[in-house]
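In what follows, every heavy atom counts, from backbone to side chain, and hydrogens, waters and symmetry copies are set aside. A note on names: the letters A, B, ... follow the listed sequences, proteins ahead of strands, and every chain is numbered from 1.
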Protein chains: 2
Amino acid sequence: MAKQTKNNAERKQRVRNRNEKKIISAAEKIFSEKGYNTATIQEIADKLNMPKANIHYYFPTKKDLYLTVIMKLRDLWKNEVDVMMTKSDAKTALRIYVRSLLDISFENPHAHKIWNWEMMRGARNLTSDIRESMKKRNKKETALIQSWVDTGQIVSIEPQNLLYFLWGITTHFSHQRDQIKILNGNKHLSKEQREKVYDDAVNMILRGVIIE
Amino acid sequence: MAKQTKNNAERKQRVRNRNEKKIISAAEKIFSEKGYNTATIQEIADKLNMPKANIHYYFPTKKDLYLTVIMKLRDLWKNEVDVMMTKSDAKTALRIYVRSLLDISFENPHAHKIWNWEMMRGARNLTSDIRESMKKRNKKETALIQSWVDTGQIVSIEPQNLLYFLWGITTHFSHQRDQIKILNGNKHLSKEQREKVYDDAVNMILRGVIIE
DNA sequence: GTCTATAGTCCGATAGAC
DNA sequence: GTCTATCGGACTATAGAC
């Protein structure tokens, strides 16, 4: 009896985990396409051939689901900062940073787009601990860049501004994906074109700030 | 009698023009803050101390109002290309181009933000003539930049990519206005900070591409 | 032209049967 | 856990008095 109860509980847990993952994955796509307000639970449910009541069963409110998605994406950036921190010289660190941000923009535009929707609306849905982790990560990044300035590896520049420039350049390719498509003969950028973007971006940025 | 009728018609026309202008101006602000779907007629009406039925009197549907706003903003970019074209050297042209794009981002963020909302939504509302004028302007710009490459004024770079980088850097400051505010101690950038952004951006870009 | 009231629709969330 | 049915609220749009 006890064993059967336990097996039942385990099975239910597995079902729960599986469904939560499916829902989060579908939600990530819909939220990135439409933004928080325009996205609907119904659409997410349809994508999964599931009654929308089931979504509410796993995530009581729309905001709960949204925050779960945001939290998951937040971790995506954490690594880059750490990777950048471990590189000793500015040149290598910048090269890797730009590369990984562009990779996210090209390969997984959902992440940048959801973030962009959120920021466009004034970051209304961000909890204070998300804001704090944002600021904390930012502080690490600016301190690192400032050290490059202090050791004469890069030109004198406001570290925060350099970060804005890097973010602006790289996120542009996910936010403005559709405009780029229009200007590119109604085709998304090819693999070769993406490589050229990466080369041109790194060249301009390194030439722009690195002191040889 | 005829005269009075005419005066009446003129007066009504003046009232109509005045109200349409007021509504467009308020709508521009609300649409840029919230995007098409999240913005409500009610909020635009409240901003003008006006019943929302009046908005519908002047603009039958929400989309009519939105398209009117988009059309108006489209003209904002036309000038910059022309100004850039008249400058003989790459250095001066780039300096002015970056300056004017940043000015729009800082002084009138509505324009870039509405454009960005539209692109994020997949450019659903763009008519084909808007797309064509986009491509046409773009062709002029890339041709100009290519001529700088050919005459050895700037390094070898895909002109389209350079434009994406310039747009990414400059529009970031309107799209991500709220994130920047959070990272800046909950204050929008001061006049001095904006000047530093301008200097840092121009320095990095010119150093990055100009051949002295 | 201006206003109040409301029709019609869509969405988030819940109740309750299975 | 899964599903159907529905409530309550918000929004676009319209009807109709002034």
Using a 4.5 Å cut-off on heavy atoms from C-beta on, say whether the side chain of [Y] contacts that of [X].
X        : Y        : value
B:Ile154 : B:Ile145 : yes
A:Met134 : A:Leu126 : yes
A:Lys187 : A:Gln193 : no

* Asked: Between B:His112 and B:Thr171, do the side chains contain an N or O donor and an N or O acceptor separated by less than 3.5 Å?
  ->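 No, because no side-chain N or O of B:His112 sits under 3.5 Å from a partner of the opposite role on B:Thr171.
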* To do: Would you verify whether the NZ or CZ of A:Arg16 falls within 45 degrees of the ring axis of A:Tyr58 while also being under 6.0 Å from that six-membered ring's centre?
  =>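 No, cation not above the ring by the 6.0 Å, 45° rule.
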I need the [atom1]-[atom2] distance between [X] and [N], as an integer number of Å.
X       : N      : atom1 : atom2 : answer
A:Gln42 : D:dT6  : CD    : C1'   : 14 Å
B:Asp46 : D:dC11 : CG    : C1'   : 13 Å
B:His56 : D:dA13 : NE2   : P     : 4 Å

* Asked: Using the ring of each side chain (for Trp, its six-membered ring), is A:Tyr36 parallel, tilted or perpendicular to A:Phe31, with breaks at 30° and 60°?
  ->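 Rings of A:Tyr36 and A:Phe31: parallel, as their planes differ by under 30°.
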* Asked: Of A:Val15 and A:Lys52, whose closest DNA chain D nucleotide lies nearer the 5' terminus?
  ->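 Nearer the 5' end of the strand: A:Val15.
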* To do: Enumerate the residues from residues 59-66 of chain A whose closest heavy atom to DNA chain C is under 4.0 Å, giving them by residue number; use none for an empty result.
  =>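 Of all residues in residues 59-66 of chain A, the ones placing a heavy atom under 4.0 Å from DNA chain C are A:Thr61, A:Lys62.
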* Contact interval (first through last nucleotide) of DNA chain C with protein chain A, 4.0 Å heavy-atom ->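 Terminal contacting nucleotides, 5' to 3': C:dC11 to C:dT14.
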* Please work out if B:Ala45 contacts a base, only the sugar-phosphate, or nothing of the nucleic acid, heavy-atom cut-off 4.0 Å. =>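 The residue B:Ala45 makes no contact with any strand.
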Using a 3.5 Å cut-off and no angle test, enumerate the donor-acceptor pairs between side-chain atoms of residues 158-170 of chain B and protein atoms at least two apart in sequence or in another chain.
{"residue": "B:Asn161", "atom": "ND2", "partner": "A:Asp200", "partner atom": "OD2", "Å": "3.0"}
{"residue": "B:Trp167", "atom": "NE1", "partner": "B:Tyr97", "partner atom": "OH", "Å": "3.0"}
{"residue": "B:Thr170", "atom": "OG1", "partner": "B:Leu166", "partner atom": "O", "Å": "2.8"}
{"residue": "B:Thr170", "atom": "OG1", "partner": "B:Trp167", "partner atom": "O", "Å": "3.3"}

* Asked: Of A:Ala53 and A:Thr38, whose nearest nucleotide on DNA chain C comes first from the 5' end?
  ->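 Looking at the nearest nucleotide for each, A:Thr38 comes out on the 5' side.
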* State plainly whether the residues B:Arg99 and B:Glu195 are in salt-bridge range, i.e. N to O under 4.0 Å. =>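 So B:Arg99 pairs with B:Glu195 through a salt bridge.
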